[in-house]
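Have a look at the structure below, then the notes.
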Amino acid sequence: MTELKPHAAHWGAFTAVVEHGRLTGVHPFARDPEPSPLLQSIANAVHSPSRIDRPYVRRGWLAGDRAGGAPRGGEPFVSVSWERAIGLVADEIARVRAEHGAASIFGGSYGWSSAGRFHHARQQLHRMLAATGGYTAQLTNYSYATGMTLMPHIVGSNECIYGPVAEWADIARHARLMVCFGGMRYGNGQVHSGGGGEHLMQRTVRETVAAGVRLISVAPVRSDLPGEWLPIRPSTDTALMLALAHVLLEEDLADREFLARYTVGFEHLAGYLRGAEDGVAKSPAWAAPITGVDAERIAALARDCARLPTMLTATWALQRAQYGEQPFWMLVALAAMLGGIGRPGQGFGFGYGSIAGMGTPRSEVPSVSLPSLGNPANSFIPVARLTDMLENPGGEYQYNGQTLHYPDTRLIYWAGGNPFHHHQDLNRLQRAWARAEAIIVNEPWWTGVARHADIVLPATTTLERDDISSSGRDRFIIAMHQVIPPQHQARNDFDIFADIADALGVRDRFTEQRDPATWLRILYERTRSAAARSGLEILDFDRFWEAGFAEFPAPSERVVPFASFRQDPAQSPLRTPSGKIEIFSETIARFGYADCPGHPLWLEPREYLGAPKALRFPLHLLSVQPASRLHGQMDQGTVSVATKIAGREPLSMHPADAARRGLEEGMIVRVFNDRGACLAGLVLTEDLLEGVVMLPTGAWFDPLEPGSPGSLCVHGNPNVLTEDIGTSRLGQGPSAHSCLVEVERWGGPVPPVKVHVPPPIAEA
Ligand SMILES: Nc1nc2c(c(=O)[nH]1)N[C@H]1C(S)=C(S)[C@@H](COP(=O)(O)OP(=O)(O)OC[C@H]3O[C@@H](n4cnc5c(=O)[nH]c(N)nc54)[C@H](O)[C@@H]3O)O[C@H]1N2
Ligand SMILES: Nc1nc2c(c(=O)[nH]1)N[C@H]1C(S)=C(S)[C@@H](COP(=O)(O)OP(=O)(O)OC[C@H]3O[C@@H](n4cnc5c(=O)[nH]c(N)nc54)[C@H](O)[C@@H]3O)O[C@H]1N2
Ligand SMILES: [Mo]
């Protein structure tokens with residue numbers, strides 16, 4: 001018997017085809033103009049051998065080892081009953097809180113979880129830990145931590161980063177030039193956080209070009225953007241933007257009126273551009289050797305920007321690098337010099353090439369989401385300071401003008417995220433990880449984080465429960481009907497946490513005495529009421545559930561960022577100290593951070609092609625988002641597997657770089673630096689700047705010797721290579737894109753990839 005059921009993932013809505021209790025296929029949502037090919041990976045991921053079939057405990061831990069002794073990952077697991085597992089978890093949470101305080105439980109649990117907004121693993125974990133006494137949380141995200149810490153100082157809000165940003169329709173109508181730092185990766189446009197009914201990136205870009213907008217992609221990689229490619233060395237965009245600004249200044253092309261009326265501190269930047277203090281004019285001739293972009297071309301681009309109505313954008317990737325504050329701040333300064341901010345389709349906005357739904361019409365109705373419970377511990381770290389925290393209990397550090405101290409972490413609980421996917425310098429993480437006394441993970445699959453845990457609880461996937469998909473960047477809310485029964489002994493995170501809360505005596509505080517069906521109805525109706533208050537009508541819950549989706553009508557008005565500010569800066573000031581755009585920020589200057597002073601400037605990263613270190617490691621590694629999966633999710637799915645070379649993640653390289661090293665297409669290579677090494681399969685392409693290599697994130701961490709930090713990853717996870725440092729003391733964001741490597745032929749026998757089947761299991 002074949003059944004069809006509506007469902008959704010971060011990579012889109014679909015109809016699930018179910019036969020005899022198994023998912024056998026998916027049909028893309030009929031209303032989606034550009035459904036993601038990633039949908040094809042779901043069926044074999046859900047039914048894959050890499051599912052965790054029952055609760056497990058690391059053998060040494062079960063025998064009483066709490067000191068971390070052997071680094072995790074190298075010891076077999078022992079299966080236990082659900083009852084025993086819940087008891088162990090509850091006892092350990094109670095013990096650690098009693099002995100060390102709530103802040104010693106690290107429950108930040110960063111990660112994307114899955115699309116369903118009720119069974120959102122991370123949110124559910126936070127609610128359980130809050131209900132039972134508190135935990136240390138993580139602030140901001142890996143995506144744009146640095147940008148979102150900076151922007152409130154500069155423009156008073158973060159909409160320019162995550163939206164709403166200027167709409168594509170306005171860009172098409174009003175801009176004539178769009179300069180895209182980081183290009184426009186269509187692969188990234190496959191994904192909404194929370195899932196979405198519509199993917200439009202390719203169509204909107206096509207329509208923008210057809211409307212006569214000239215698109216320029218400034219990037220180390222020739223991206224999907226139709227139009228001109230201006231290749232640039234990674235991490236040097238700030239130098240290019242400074243040189244563009246220098247031309248505008250010296251040729252009197254800057255909009256002085258705009259700068260005077262809407263900004264503060266331009267004179268500081270102007271002095272810096274002219275070299276008032278350091279004697280170095282930030283001219284195109286200065287920027288050319290840094291960026292690899294010809295000086296004439298820089299000057300011509302500056303003149304074009306001044307002559308044509310221009311939109312400036314940068315991908316979030318630019319700020320995931322050391323000093324990542326600078327390109328974002330400088331992009332705002334450059335847009336201010338051009339004077340288009342607040343006009344339809346001009347100015348600046350980030351992330352158009354980073355994720356689905358940026359610049360497409362959206363209604364200002366909050367998405368369906370699970371409310372949080374207040375965290376009694378009131379303790380947090382900036383998201384990417386994970387290893388620093390584990391290494392320095394009590395240690396002092398700076399963050400955005402504050403002096404803070406790391407908590408003394410004893411217990412780590414992760415649900416819905418994978419630090420062995422997302423964190424930088426995994427060998428360093430692995431050593432620091434050994435310091436915790438207990439690590440508990442809920443996961444559907446044997447991912448890196450599950451393999452490096454003490455207690456592993458098998459979670460259901462979205463297909464095994466009812467839920468609702470909803471994203472702030474999409475017009476559709478999707479009913480996610482349960483498609484298949486829970487696989488093996490998997491349980492819903494909500495049920496797992498309800499039982500843990502129960503064992504700790506606070507079940508009702510966690511559940512609020514509601515079952516999942518009641519929660520779904522309540523969460524949906526909250527969004528429906530909010531919509532009604534904005535005059536928007538959507539189906540009631542029962543009709544929504546029956547129809548499989550609800551749709552918001554397209555908003556009647558377009559979003560024009562900074563329009564009211566432009567119209568009347570006195571009446572509609574920005575939420576910055578000056579009420580204006582801060583090209584110089586007194587606040588940031590007062591922090592006294594040499595790595596992020598009062599105005600945007602060029603700071604030389606430790607790792608980029610111009611750094612001394614490039615003599616030893618002469619290739620700049622970009623670990624971009626994978627087009628073939630979502631982060632580490634569905635790495636075992638058909639789409640991801642099809643891209644691998646002899647089972648390894650593909651590393652892209654320019655043919656000239658390959659020739660210099662005697663490498664050929666399809667070879668297995670070793671990618672290395674002084675932090676680690678991994679294997680990869682070589683792909684040659686002229687779509688990369690020479691000196692740059694690209695290895696997408698998401699190949700599951702597969703060390704040759706599990707449990708031995710520093711061991712070769714045989715699969716191709718770039719985070720064994722990346723450096724784990726904050727962007728600066730201001731943002732403290734991840735710096736994954738600042739990474740130099742060398743590549744050589746792998747001469748030896750090629751070890752098998754073992755990470756897509758379960759780790760060793762021992763008899764109890
Ligand atoms: N080098 C480098 N590293 C990067 C980046 C980069 O550009 N370069 N990008 C960074 C960015 S922007 C991000 S957002 C992060 C992403 O990092 P993560 O969000 O941590 O990556 P995911 O693989 O999506 O991890 C989500 C995990 O949740 C699990 N999961 C899914 N559904 C459920 C569920 O219902 N219950 C439970 N318990 N678990 C579930 C999945 O199996 C998966 O392992 O990576 C970051 N890391
Ligand atoms: N298919 C798929 N889509 C995804 C994701 C996924 O895992 N899979 N992840 C989602 C998530 S969580 C996020 S945060 C977004 C991330 O979105 P982004 O941060 O935009 O993603 P990246 O793919 O890291 O980089 C995008 C482009 O930036 C360029 N770039 C990198 N460094 C530099 C530089 O120094 N200078 C210039 N000029 N360009 C540079 C590269 O050309 C690269 O193609 O993607 C989202 N979309
Ligand atoms: Mo992200």
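Order of appearance sets the numbers: ligands from 1, and atoms from 1 within every ligand.
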For [atom], the protein heavy atom that lies nearest, with its residue and separation:
| atom | value |
| --- | --- |
| atom 8 (N) of ligand 1 | S623 O, 3.0 Å |
| atom 29 (C) of ligand 1 | E443 OE2, 3.1 Å |
| atom 40 (C) of ligand 2 | P220 CD, 3.6 Å |
| atom 32 (N) of ligand 1 | S114 OG, 3.2 Å |
| atom 44 (O) of ligand 2 | R185 CD, 2.6 Å |
| atom 18 (P) of ligand 2 | S354 OG, 3.6 Å |
| atom 2 (C) of ligand 2 | P626 O, 3.2 Å |
| atom 24 (O) of ligand 2 | R320 NH2, 3.1 Å |
| atom 10 (C) of ligand 1 | Y142 CB, 3.7 Å |
| atom 15 (C) of ligand 1 | H422 CB, 3.4 Å |
| atom 23 (O) of ligand 1 | G632 N, 2.9 Å |
| atom 28 (O) of ligand 1 | G416 C, 3.2 Å |

Exercise for review: Answer yes or no: does an N/O atom from N418 fall short of 3.5 Å to an N/O atom of ligand 1?
Suggested key: yes
Review point. If you count the atoms of ligand 1 from 1 in the order shown, which ones are under 4.0 Å from a heavy atom of N719?
Key: 1 (N), 2 (C), 3 (N)
**Study point:** The single option from H120, H421, H10, H192 passing ring pair (Phe, Tyr, Trp, His ring centres under 6.0 Å) against W112
**Key:**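 By the ring pair (Phe, Tyr, Trp, His ring centres under 6.0 Å) criterion, W112 pairs with just one of H120, H421, H10, H192: H10.
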Revision key, fill the gap. Only residue of H452, H715, H422 satisfying ring pair (Phe, Tyr, Trp, His ring centres under 6.0 Å) with F701 is H452
For [X] and [Y], I'd like to know if the aromatic rings sit close, meaning centre-to-centre distance below 6.0 Å.
| X | Y | result |
| --- | --- | --- |
| Y56 | W446 | yes |
| Y162 | F350 | no |
| W433 | F106 | no |

Review point. Per the side-chain contact (heavy atoms from CB on, under 4.5 Å) rule, which among P220, S652, P234 passes with M694?
Key: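 It is S652; the other options fail the test.
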With heavy atoms under 4.0 Å as the rule, classify the contact between [X] and ligand 2 as side chain, backbone, both or neither.
| X | value |
| --- | --- |
| T236 | neither |
| V218 | backbone |
| W112 | side chain |
| T697 | neither |
| S36 | neither |

Going by distance only, is there an N or O of [X] that falls short of 3.5 Å from an N or O of ligand 2?
| X | result |
| --- | --- |
| G187 | yes |
| A317 | yes |
| S143 | no |

At what distance, to the nearest 0.5 angstrom, does [atom1] of [X] lie from [atom2] of [Y]?
| X | Y | atom1 | atom2 | answer |
| --- | --- | --- | --- | --- |
| L695 | C678 | CG | SG | 5.5 Å |
| Q138 | H126 | CD | NE2 | 7.5 Å |
| Y608 | Y323 | OH | OH | 11.0 Å |
| Q424 | T697 | CD | OG1 | 10.0 Å |
| E723 | L740 | CD | CG | 9.5 Å |
| M241 | I232 | CE | CD1 | 7.5 Å |

Counting heavy atoms only, name the option from [options] that's nearest to [atom].
| atom | options | value |
| --- | --- | --- |
| atom 36 (N) of ligand 1 | D425, D493, T447, T460 | D493 |
| atom 5 (C) of ligand 1 | Q633, H631, Q625 | Q625 |
| atom 22 (P) of ligand 2 | L38, T315, N188 | N188 |
| atom 35 (O) of ligand 2 | G182, S235, C180 | S235 |
| atom 34 (C) of ligand 2 | D237, V221, L689 | D237 |
| atom 39 (N) of ligand 1 | P444, A459, S113, A415 | P444 |

By number and element, which atoms of ligand 2 are closer than 4.0 Å to a non-hydrogen atom of [X]?
| X | result |
| --- | --- |
| I232 | 38 (N) |
| Q190 | 1 (N) |
| R629 | 1 (N), 2 (C), 6 (C), 7 (O), 8 (N) |
| A219 | 38 (N), 42 (O) |
| H737 | 24 (O) |

Can you say whether the rings of [X] and [Y] are parallel (under 30°), tilted (30 to 60°) or perpendicular (over 60°)?
| X | Y | value |
| --- | --- | --- |
| F617 | F672 | perpendicular |
| W700 | H756 | perpendicular |
| H423 | Y142 | perpendicular |

Looking at ligand 1, does [X] have a heavy atom less than 4.0 Å from it?
| X | result |
| --- | --- |
| Y110 | yes |
| Q424 | yes |
| R465 | yes |

Point to revise | Geometric cation-pi criterion R491 and W82, 6.0 Å radius, 45° cone | key: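 Judged by the rule, R491 and W82 form a cation-pi pair.
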Review point. Does the cation-pi check pass for R51 over W445, that is, NZ or CZ under 6.0 Å from the six-membered ring centre and within 45° of its axis?
Key: yes
Check your understanding: Judged by non-hydrogen atoms, does A321 sit under 4.0 Å from ligand 2?
Key -> no
Point to revise | Flag for S50-Q636: side-chain donor and acceptor within less than 3.5 Å | key: yes
Check your understanding: Hey, are S36 and Q190 close enough side-chain-wise for a donor-acceptor pair under 3.5 Å?
Key -> yes
Practice item. Tell me which part of N442 gets within contact of ligand 1: side chain, backbone, both or neither, using heavy atoms under 4.0 Å. Key: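 Both backbone and side chain of N442 come within 4.0 Å of ligand 1.
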Review point. Where do Y413 and F497 land on the ring pair (Phe, Tyr, Trp, His ring centres under 6.0 Å) test, with the steps shown first?
Key: CA-CA 12 Å; Y413 202 140; F497 294 137; 5.7 Å; yes
Check your understanding: Is a salt bridge present between E604 and K613, judged by a nitrogen-to-oxygen distance below 4.0 Å?
Key ->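 Here E604 does not pair with K613 in a salt bridge, since their nearest N and O are not under 4.0 Å apart.
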